[in-house]
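What follows is a short report on a single structure.
Whatever order the structure lists ligands and atoms in, that order sets their numbers, starting from 1. Along the sequence shown, residues are numbered consecutively beginning with 1. Predicted, not measured: the structure shown is a model, and the values here were computed from it.
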Amino acid sequence: MRILGIETSCDETAVCLIEAEGEFGPGFKYEILGNALRSQAKLHAEYGGVFPNLAKREHGKGLVPMLELALHGLTTASTSTAAQGVKALPKILEREPELLEQLVPFLERSGKPDIDAIAVTYGPGLEPALWVGVNFARALSLAWHVPIVAVNHLEGHIVMSMTDMQPRQHSNVLQNVRMSGGLADFEFPILALLISGGNTQLVLSKEPLRYEVVGRTRDDAAGEAFDKVARMMHLPYPGGPHISRLAEEARSEKQESEIKLPRPMLNEDNIDFSFSGLKTAVLRILAGSVPVSDTLKKRLAREFEEAVADVLVGKTLRAAERYGAGTVVTGGGVSANLYIRRRLADSLAEAGAKLLVCQPEFATDNAVMIALAGYFHAQKREYANPDILKATGNLRLGNANAS
Ligand code: KG4
């Protein structure tokens with residue numbers, strides 16, 4: 001089955017084409033036929049975070065070029081079928097004029113590609129940004145007569161982290177390098193630690209594609225805390241990789257810190273998180289140390305990263321034990337952090353459990369994760385009705401049948 005994946009929930013405009021076969025298990029195989037991603041991070045940097053209307057506009061401008069890159073010649077010559085669907089597009093894309101302007105000529109010059117379904121993120125995320133992807137999928141579905149699978153972004157992260165890839169073949173995700181893989185070895189129940197800019201959750205999965213959120217942050221997400229702390233240190237957005245780089249420098253230079261930050265809720269007997277106190281503690285230290293030296297920044301970055309890691313590791317171990325999960329999956333932008341990965345992998349190994357992660361470049365938002373999750377739903381013919389499909393900014397994971 002060939003699936004076109006579309007992701008626009010935040011500040012990445014991404015489109016991909018995958019081919020997949022087999023059930024959710026050892027027989028599953030997939031190949032990435034085309035993959036294109038344009039990050040808007042630099043544009044949002046001056047706002048210190050993602051500015052929703054700018055994200056919406058940039059998705060509108062970027063989707064057709066990303067689609068063309070992802071399909072890279074896999075379309076045939078134009079057919080009258082596609083051209084007929086084009087007539088209804090102005091209504092579907094009335095709020096995305098830049099997209100309409102590029103999509104109509106694209107559809108007129110290129111025919112329907114050989115695809116079986118379109119998988120699109122419909123939540124959670126920034127609603128104006130999500131709508132662009134959803135309306136793009138609706139427009140393509142109409143023009144090409146292909147069904148839509150509405151994908152929960154968080155499920156995309158989980159499924160992505162459960163796949164394995166041939167190491168040789170993932171050298172450059174942004175180019176159309178052919179990559180392939182299957183699913184890693186795992187056993188249910190699985191615990192997923194989702195750590196991104198908008199979410200920090202522990203999710204239990206007892207059977208394929210069924211989820212129950214068992215722990216969550218009570219305030220900031222882990223990535224949000226990284227970004228806010230980076231901003232306090234005048235580091236660019238997104239701040240996670242910059243904090244991580246400084247922390248790594250402090251570790252390699254053996255910069256021991258006299259600073260001790262809190263480990264919020266670590267010793268409480270629950271599996272929820274809180275990161276806003278940690279951020280406030282950093283703010284207080286910075287405010288009391290003007291001018292802030294580079295050494296202080298490094299030491300503080302290290303202590304902050306280690307505090308976040310301690311909490312994530314502690315809560316994940318507690319949850320894995322509570323639910324008897326021998327396989328833990330982690331996904332979302334913060335799971336690209338190598339120190340956090342190492343700490344999670346080591347602690348879980350000590351506890352007799354194993355950690356599944358994807359390549360760091362697939363831990364942040366991308367379209368492959370949406371196409372992969374979409375494939376499993378397409379296999380079950382769980383299609384959305386394009387006439388009523390809505391972007392759902394606060395979409396939750398699960399509640400269906402996991403407990
Ligand atoms: O999953 P993602 O790409 O987007 C959503 O939030 O949905 O995650 C982005 C977040 C940002 O907060 C970014 O600072 C953080 O992931 N991040 C990192 C690292 N790389 C990205 N945080 C810590 N260490 C990293 N290496």
Side-chain angles (χ1 to χ4, degrees), residues 7-14 37-42 44-45 47-52 55 59 121-127 129-130 133 151-161 173-174 192-201 217 220-233 235-251 273 275 278-279 282 301-302 304-309 311-312 329-344 357-370 373 391 393-395 397:
E7 158 63 33
T8 65
S9 68
C10 193
D11 58 348
E12 262 89 29
T13 311
L37 182 148
R38 181 187 285 175
S39 171
Q40 306 168 4
K42 283 207 175 90
H44 295 284
Y47 302 97
V50 181
F51 190 60
H59 288 315
T121 306
Y122 78 114
L126 299 171
E127 216 154 285
L130 287 163
V151 176
N152 184 313
H153 180 84
L154 300 176
E155 180 173 40
H157 278 306
I158 295 176
V159 172
M160 185 83 238
S161 295
V173 59
L174 300 182
L193 171 68
L194 292 174
I195 34 178
S196 69
N199 290 280
T200 295
Q201 297 183 358
T217 181
D220 293 350
E224 193 180 351
F226 268 97
D227 293 340
K228 286 179 176 169
V229 165
R231 199 174 169 187
M232 291 172 202
M233 295 189 192
L235 297 167
Y237 172 84
H242 297 282
I243 296 284
S244 173
R245 178 179 44 78
L246 289 185
E248 214 44 65
E249 280 173 28
R251 271 188 290 271
F273 304 92
F275 293 104
L278 190 49
K279 167 197 77 190
V282 173
R302 174 180 179 176
F304 172 77
E305 189 177 64
E306 294 181 3
V308 173
V311 174
L312 292 174
V329 170
T330 186
V334 181
S335 77
N337 182 298
L338 298 181
Y339 175 77
I340 292 175
R341 281 183 174 212
R342 215 162 48 232
R343 290 280 312 278
L344 277 168
V357 284
C358 58
Q359 303 304 323
E361 56 268 52
F362 286 100
T364 47
D365 295 349
N366 63 83
V368 174
M369 65 189 222
I370 303 307
N394 60 0
L395 183 69
L397 192 58

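- Of all the heavy atoms in H44 and F51, the pair that sits closest is ND1-N, 3.0 Å.
- The N/O atoms of F226, backbone and side chain alike, include none that comes under 3.5 Å of an N/O atom in ligand 1.
- With respect to the salt-bridge test (charged N to carboxylate O, under 4.0 angstrom), the residues R251 and E306 qualify.
- Taking a 4.0 Å cut-off on heavy atoms, C10 fails to register as neighbouring ligand 1.
- Of the heavy atoms in D227, only side-chain atoms (C-beta onward) come closer than 4.0 Å to ligand 1.
- Taking a cut-off of under 4.0 Å to the non-hydrogen atoms of H157, the atoms of ligand 1 that pass are 1 (O).
- With sequence neighbours left out, the ring-ring contact (aromatic ring centres under 6.0 Å, His included) criterion links Y122 to no other residue.
- Distance from atom 9 (C) of ligand 1 to its nearest protein heavy atom, with residue and atom name: G197 N, 3.9 Å.
- Atoms of ligand 1 lying under 4.0 Å from any heavy atom of H153, numbered from 1 in the order shown and given with element: 7 (O).
- For F275 against A225, the heavy-atom pair with the smallest separation is CB-CB, 3.9 Å.
- Within ligand 1, counting atoms from 1 as listed, the ones closer than 4.0 Å to a heavy atom of G198 are 6 (O).
- Between Q40 and C10 the shortest heavy-atom distance is OE1-O, 4.5 Å.
- H59 pairs by the ring-ring contact (aromatic ring centres under 6.0 Å, His included) definition with nothing, not counting sequence neighbours.
- Taking all atoms of both residues into account, the shortest heavy-atom contact from A129 to T8 is O-OG1, 2.8 Å.
- Listed by number with element, the atoms of ligand 1 under 4.0 angstrom from any heavy atom of T364 are 3 (O).
- For F304 and F226, the ring centers are positioned less than 6.0 Å apart.
- Atom numbering of ligand 1 starts at 1 in the shown order; those under 4.0 Å from a heavy atom of G332 are 1 (O).
- Remark: minimum distance from atom 24 (N) of ligand 1 to any protein heavy atom is reached at N337 ND2, 3.1 Å.
- Per-residue contacts place P238 under 4.0 angstrom from the following atoms of ligand 1 (heavy atoms of the residue considered): 13 (C), 14 (O).
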**Asked** Are H153 and D365 close enough, and set up right, to give a side chain to side chain donor-acceptor pair (under 3.5 Å), and what steps lead you there?
**Response** CA-CA 9 Å; H153 180 84; D365 295 349; 3.0 Å; yes
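- Among protein heavy atoms, the minimum distance from atom 21 (C) of ligand 1 is reached at G333 O, 3.4 Å.
- Ranking the protein heavy atoms by distance from atom 2 (P) of ligand 1 puts D365 OD1, 3.4 Å first.
- For atom 22 (N) of ligand 1, the closest non-hydrogen atom of the protein is G240 CA, 3.3 Å.
- Proximity of E305 to ligand 1 is not established, as no heavy-atom distance is less than 4.0 Å.
- By the 3.5 Å distance cut-off applied to N or O atoms, G223 is counted among the residues near ligand 1.
- Using modelled atom types and a 3.5 Å distance limit, the side chains of E305 and N337 yield a donor-acceptor pair.
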